[in-house]
Asker: 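Before anything else, here's the structure in question.
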Amino acid sequence: MTVKNCILMAIHRFLLQLLYLERRLEPPFRPAWNAVFREPGVRLVQFLINLRRKNEGLKIAEERIDPDEEQSLNDIIDLMADQMRGRFKPGGYERGGNTKTHGVLKATVSIRDDIPAHCRIGIFAEPKTYKAYVRYAGPGPNVPSDIQDVGFLSMAVKLLGVPGEKLMDEEKFTQDIITTSGGPTFVTPNTRENAKLQYWSLVDMTLYYFLNPFDSHLLDMFMQSLWNETQTNPLGKRYWSCTPYLLGEGQAVMYSFVPRVNIVSPIPGLPFGKVPFNYLRDNLSKTIAETDVEFDLMIQLQTDPHLMPIEDSSVRWPEKLSPFIPVATVHIPKQAHNFEAMADFTKRLKMNPWHCLPEHRPLGNLNRARFRLYRELSNFRQEMNRVSHLEPTGDEAFE
């Protein structure tokens, strides 16, 4: 390693230690801070992001493929596979993204009977209840102590028993919806910039993706920092898809899972004591052993193709232009959460937004990338773990 790289690495580690300290100190004041400063901060950052954007002249639900998109995707796949090789050993490979599993829970998803007529499409066509699995995870690519994670979670819901031909044929009867708690925008605007993020992640200096003076992404960093915070319980957060999806021809939507009850759990050991390595899993297990949990599945329709873009995931779709509409209820019943008993099942599970009906086709460059990215990396992970893919039915038993 060169002297320059050693200095950069030392600075990166120092900045991470400051972040870890802040994570320990923020829980008492962060809710009040969010209430006062988050929304004004988001509006300011979004204004600055929009200032540098040009109107591409696209229509509602219209996509545009850049000439370098395939190369960016190839770079992302190679870089993430290299990260997995460097971090895991055969038999213990974790996912390249949404890496650290906090829990997988049985659930039902009930489609509402009061959905507006123009939204009654695909899985939302009629009132119906589906069996489902809900997976909660950390962002990755590492499996750190929860207090040292980067401050957001993912919630992936797999509907079971969904009839109809799917866009990805590796599963026949599922529909997957993948979301994160890191706010309504994604960490990178597109695949081109995501490839840069994966490079810095591979060399273990992720912060330089944002701070590199020759190619900085400060506005994206500020937007993410307004949402990322010390997490207390995966069951009490709001989650966003951050990327758009079709809702039949000529309509595009974002998804969001909104908890019906605010759940905040204590974190043992704060501020300066020993914090359990997997406290998020512990808090999830304790909550779901004592009570049912429910989320509203909401959709937000694209109404302005410039201010609500398909190809730029750094832009929050304004709710004043299109408020979220409730379309389903996710009910997670009280249950014993035995993580160890479910470990083998989790290794065989795949989540991919392309497990879907054509009416809900993923849109935009990041979603187009996920078709190959998620498929190839999950196949690689399962090959290294010597396990086979399982399409679940909801009748699995974990004892």
Asker: Step by step, work out the side-chain contact (heavy atoms from CB on, under 4.5 Å) result for His360 and Leu247.
Answerer: CA-CA 5 Å; His360 303 293; Leu247 185 62; 3.8 Å; yes

Asker: If you look at every heavy atom in Glu69 and Arg64, which pair is closest and at what distance?
Answerer: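 Scanning both residues completely, I find the closest heavy atoms to be OE1-O, 4.4 Å.
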
Asker: Could you state the interatomic distance from CD1 (Ile147) to CG (Asn278), rounded to the nearest 0.5 Å?
Answerer: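 Atom-to-atom, Ile147:CD1 and Asn278:CG are 12.5 Å apart.
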
Asker: Glu171 and salt bridge (Lys or Arg N to Asp or Glu O under 4.0 Å): which partner among Lys166, Arg375, Lys158?
Answerer: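 Result: among Lys166, Arg375, Lys158, Lys158 is the only option passing the salt bridge (Lys or Arg N to Asp or Glu O under 4.0 Å) with Glu171.
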
Asker: In plain terms, say whether Asp395 and Lys131 are close enough for a salt bridge, that is, a side-chain N and a carboxylate O under 4.0 Å apart.
Answerer: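 So Asp395 pairs with Lys131 through a salt bridge.
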
Asker: Quick one: are Arg112 and Pro326 in side-chain contact, heavy atoms under 4.5 Å?
Answerer: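 With C-beta onward as the side chain, the pair touches.
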
Asker: Apply side-chain contact (heavy atoms from CB on, under 4.5 Å) to the pair Thr185 and Val315, showing each step before the final yes or no.
Answerer: CA-CA 6 Å; Thr185 63; Val315 178; 5.7 Å; no

Asker: Relative to each other, are the rings of Tyr208 and His12 parallel, tilted or perpendicular (30° and 60° limits)?
Answerer: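 Tyr208 vs His12 ring planes: tilted.
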
Asker: Return the OH to CG distance between Tyr199 and Leu79, rounded to the nearest 0.5 Å.
Answerer: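 If I round to the nearest 0.5 Å, the distance is 9.5 Å.
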
Asker: Which atoms form the tightest heavy-atom contact between Phe371 and Leu167, and what is the distance?
Answerer: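 Heavy atoms of Phe371 and Leu167 come nearest at CE1-O, 3.9 Å.
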
Asker: Is there a chain of hydrophobic side chains (I, L, V, M, F, W, Y, each step under 4.5 Å between heavy atoms) that links Phe88 to Ile76?
Answerer: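 Same cluster.
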
Asker: If you round to the nearest 0.5 Å, how far is CZ of Arg53 from NE2 of His306?
Answerer: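 Those atoms lie 4.5 Å apart.
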
Asker: Counting C-beta onward and ignoring hydrogens, is there a side-chain heavy-atom pair between Gln382 and Ser388 closer than 4.5 Å?
Answerer: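 Sidechains of Ser388 and Gln382: no contact.
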
Asker: Is the side chain of Thr108 donor-acceptor paired with the backbone N or O of Tyr130 at a distance under 3.5 Å, no angle test?
Answerer: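 No, Thr108 side chain to Tyr130 backbone: no donor-acceptor pair under 3.5 Å.
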
Asker: State whether a side-chain donor-acceptor pair under 3.5 Å links Asn34 with Arg30.
Answerer: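 A donor-acceptor contact under 3.5 Å links the two side chains.
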
Asker: Please determine if Arg368 and Glu311 form a salt bridge, counting it only when a charged side-chain N lies under 4.0 Å from a carboxylate O.
Answerer: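 Yes.
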
Asker: Locate the shortest heavy-atom distance separating Phe277 from Val143; write the atom from each residue and the value.
Answerer: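 Taking Phe277 first and Val143 second, the nearest heavy atoms are CZ-O, 3.6 Å.
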
Asker: Transitively linked via ILVMFWY side-chain contacts under 4.5 Å: Leu297 with Leu301?
Answerer: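 Both belong to a single hydrophobic cluster.
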
Asker: Within the side chain of His217, is there an N or O that forms a donor-acceptor pair under 3.5 Å with the backbone of Glu193?
Answerer: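 No.
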
Asker: Inspect the contact between Arg348 and Glu396 and indicate whether a charged nitrogen and a carboxylate oxygen are less than 4.0 angstrom apart.
Answerer: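 Salt bridge between Glu396 and Arg348, a charged N being under 4.0 Å from a carboxylate O: no.
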
Asker: Treating Lys347 as the side-chain partner and Gly91 as the backbone partner, does any N or O pair qualify as donor plus acceptor under 3.5 Å?
Answerer: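 Side chain of Lys347 to backbone of Gly91: a pair is present.
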
Asker: Counting only heavy atoms not in Glu319, do more than 12 fall under 6.0 Å of its CD?
Answerer: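 Counting other residues, nucleotides and ligands, CD of Glu319 exceeds 12 neighbours.
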
Asker: Where the side chain of Asp292 meets the backbone of Lys334, is there a donor-acceptor pair that is under 3.5 Å apart?
Answerer: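 Yes, because the side chain of Asp292 sits within donor-acceptor range (under 3.5 Å) of the backbone of Lys334.
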
Asker: Tell me yes or no: between the side chains of Asn142 and Arg87, is some donor less than 3.5 Å from an acceptor?
Answerer: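 Distance-only check passes for Asn142 and Arg87.
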
Asker: Between Gln251 (side chain only) and Cys119 (backbone N and O only), is there a donor and an acceptor less than 3.5 Å apart?
Answerer: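 Flag not set: sc Gln251 to bb Cys119 has no pair under 3.5 Å.
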
Asker: Does Gln300 use its side chain to pair, donor to acceptor, with the backbone of Val253 at less than 3.5 Å?
Answerer: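 Pair absent, no side-chain N/O of Gln300 close to backbone of Val253.
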
Asker: Using the side-chain contact (heavy atoms from CB on, under 4.5 Å) rule, take Phe272 and Leu21 through it: C-alpha gap first, then chi angles, then the decisive distance, then the call.
Answerer: CA-CA 9 Å; Phe272 301 118; Leu21 176 62; 3.9 Å; yes

Asker: Is the NZ or CZ atom of Arg23 both under 6.0 Å from the centre of the six-membered ring of Tyr279 and within 45° of that ring's axis?
Answerer: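 Relative to the ring axis of Tyr279, which defines the angle, Arg23 lies outside at least one limit.
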
Asker: Has Arg13 got more than 12 heavy atoms of other residues, nucleotides or ligands less than 6.0 Å from its CZ?
Answerer: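 Not buried by this count: 12 neighbours or fewer within 6.0 Å.
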
Asker: Linking I/L/V/M/F/W/Y whenever any side-chain heavy atoms sit under 4.5 Å apart, do Tyr255 and Leu159 land together?
Answerer: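 Yes, Tyr255 and Leu159 fall within the same hydrophobic cluster.
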
Asker: Please tell me whether Tyr133 and Leu153 are part of a single hydrophobic cluster in this structure, the criterion being side-chain heavy atoms less than 4.5 Å apart.
Answerer: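 No, separate clusters.
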
Asker: Anything under 30° is parallel, anything over 60° is perpendicular, the rest tilted; go ahead and classify Trp240 against Trp227.
Answerer: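 The rings of Trp240 and Trp227 stand perpendicular, inter-plane angle above 60°.
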
Asker: Let me know which of Asp215, Asp75, Asp220 forms a salt bridge (Lys or Arg N to Asp or Glu O under 4.0 Å) with Lys196.
Answerer: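 With Lys196 as partner, salt bridge (Lys or Arg N to Asp or Glu O under 4.0 Å) holds for just one option, Asp215.
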
Asker: Would you give the length of the straight line joining atom OG of Ser378 to atom CD of Glu383, rounded to the nearest 0.5 angstrom?
Answerer: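 The distance works out to 11.5 Å.
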
Asker: Answer yes or no: is there a donor N or O on one side and an acceptor on the other, between the side chain of Arg135 and the main chain of Val104, under 3.5 Å?
Answerer: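 The answer is no, because no donor-acceptor pair under 3.5 Å joins these two groups.
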
Asker: Which heavy atom of Asn228 sits nearest a heavy atom of Gly182, and at what distance?
Answerer: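 That would be OD1-CA, 3.8 Å.
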
Asker: Which value, rounded to the nearest 0.5 Å, describes the distance between Tyr136 atom OH and Gln231 atom CD?
Answerer: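 Separation between the atoms: 12.0 Å.
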
Asker: Given the rule in the salt bridge (charged side-chain N to carboxylate O under 4.0 Å, His left out) test, do Arg316 and Glu39 qualify, once you have shown the distances and angles that lead to the verdict?
Answerer: CA-CA 12 Å; Arg316 179 175 70 163; Glu39 191 54 37; 2.6 Å; yes

Asker: For the backbone of Thr329 and the side chain of Asp296, can you confirm whether one donor and one acceptor N or O come within less than 3.5 Å of each other?
Answerer: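 No; zero donor-acceptor contacts below 3.5 Å.
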
Asker: Sequence neighbours excluded, which residues qualify as side-chain contact (heavy atoms from CB on, under 4.5 Å) partners of Phe29?
Answerer: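 Residues passing side-chain contact (heavy atoms from CB on, under 4.5 Å) with Phe29: Glu26, Trp33.
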
Asker: Nearest 0.5 Å, please: how far is CZ in Phe210 from CE in Met221?
Answerer: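 With rounding to 0.5 Å, CE (Met221) is 8.0 Å from CZ (Phe210).
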
Asker: Within the supplied structure, the quantity of interest is the number of heavy atoms (other residues, nucleotides, ligands) at a distance under 6.0 Å from Phe345 CZ; does it exceed 12?
Answerer: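 Enclosed: over 12 neighbouring heavy atoms sit under 6.0 Å from CZ of Phe345.
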
Asker: Could you check Leu73 against Ile77 for side-chain contact (heavy atoms from CB on, under 4.5 Å), going step by step and ending with a plain yes or no?
Answerer: CA-CA 6 Å; Leu73 173 56; Ile77 292 173; 3.8 Å; yes

Asker: Write down the atom of Glu391, the atom of Glu170, and the distance for their closest heavy-atom approach.
Answerer: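 So the minimum-distance heavy-atom pair works out to OE1-O, 4.2 Å.
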
Asker: Check whether any side-chain N or O of Asn367 sits under 3.5 Å from a backbone N or O of Pro244 as a donor-acceptor pair, and report yes or no.
Answerer: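 Confirmed, Asn367 side chain pairs with Pro244 backbone.
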
Asker: Look at Arg281 together with Asp146 and state whether they make a salt bridge at an N to O cut-off of under 4.0 Å.
Answerer: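 Between Asp146 and Arg281 there is no salt bridge, as every charged N stays at least 4.0 Å from the carboxylate O atoms.
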
Asker: Hey, is Asp66 close enough to Arg192 for a salt bridge, meaning N to O under 4.0 Å?
Answerer: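 Here Asp66 pairs with Arg192 in a salt bridge, since their nearest N and O are under 4.0 Å apart.
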
Asker: Can you name the nearest heavy-atom pair linking Thr188 to Asn194, along with the distance?
Answerer: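 Taking every non-hydrogen atom into account, OG1-ND2, 3.1 Å.
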
Asker: Counting only heavy atoms from other residues, nucleotides and ligands, does the tally under 6.0 Å from CD of Glu290 exceed 12?
Answerer: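 Atom CD in Glu290 is crowded, with more than 12 foreign heavy atoms closer than 6.0 Å.
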
Asker: Does any N or O in the side chain of Asp304 come within less than 3.5 Å of the main-chain N or O of Leu307, such that one atom is a donor and the other an acceptor?
Answerer: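 Yes; judged by distance alone, with no hydrogens or angles, the pair exists.
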
Asker: Any link between Phe152 and Phe186 through a network of hydrophobic side chains (Ile, Leu, Val, Met, Phe, Trp, Tyr) touching at under 4.5 Å?
Answerer: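 Result: no, two separate clusters.
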
Asker: According to side chain to side chain donor-acceptor pair (under 3.5 Å), who are the partners of Ser145, at least two apart in sequence or on a separate chain?
Answerer: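 Ser145 satisfies side chain to side chain donor-acceptor pair (under 3.5 Å) with no other residue.
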
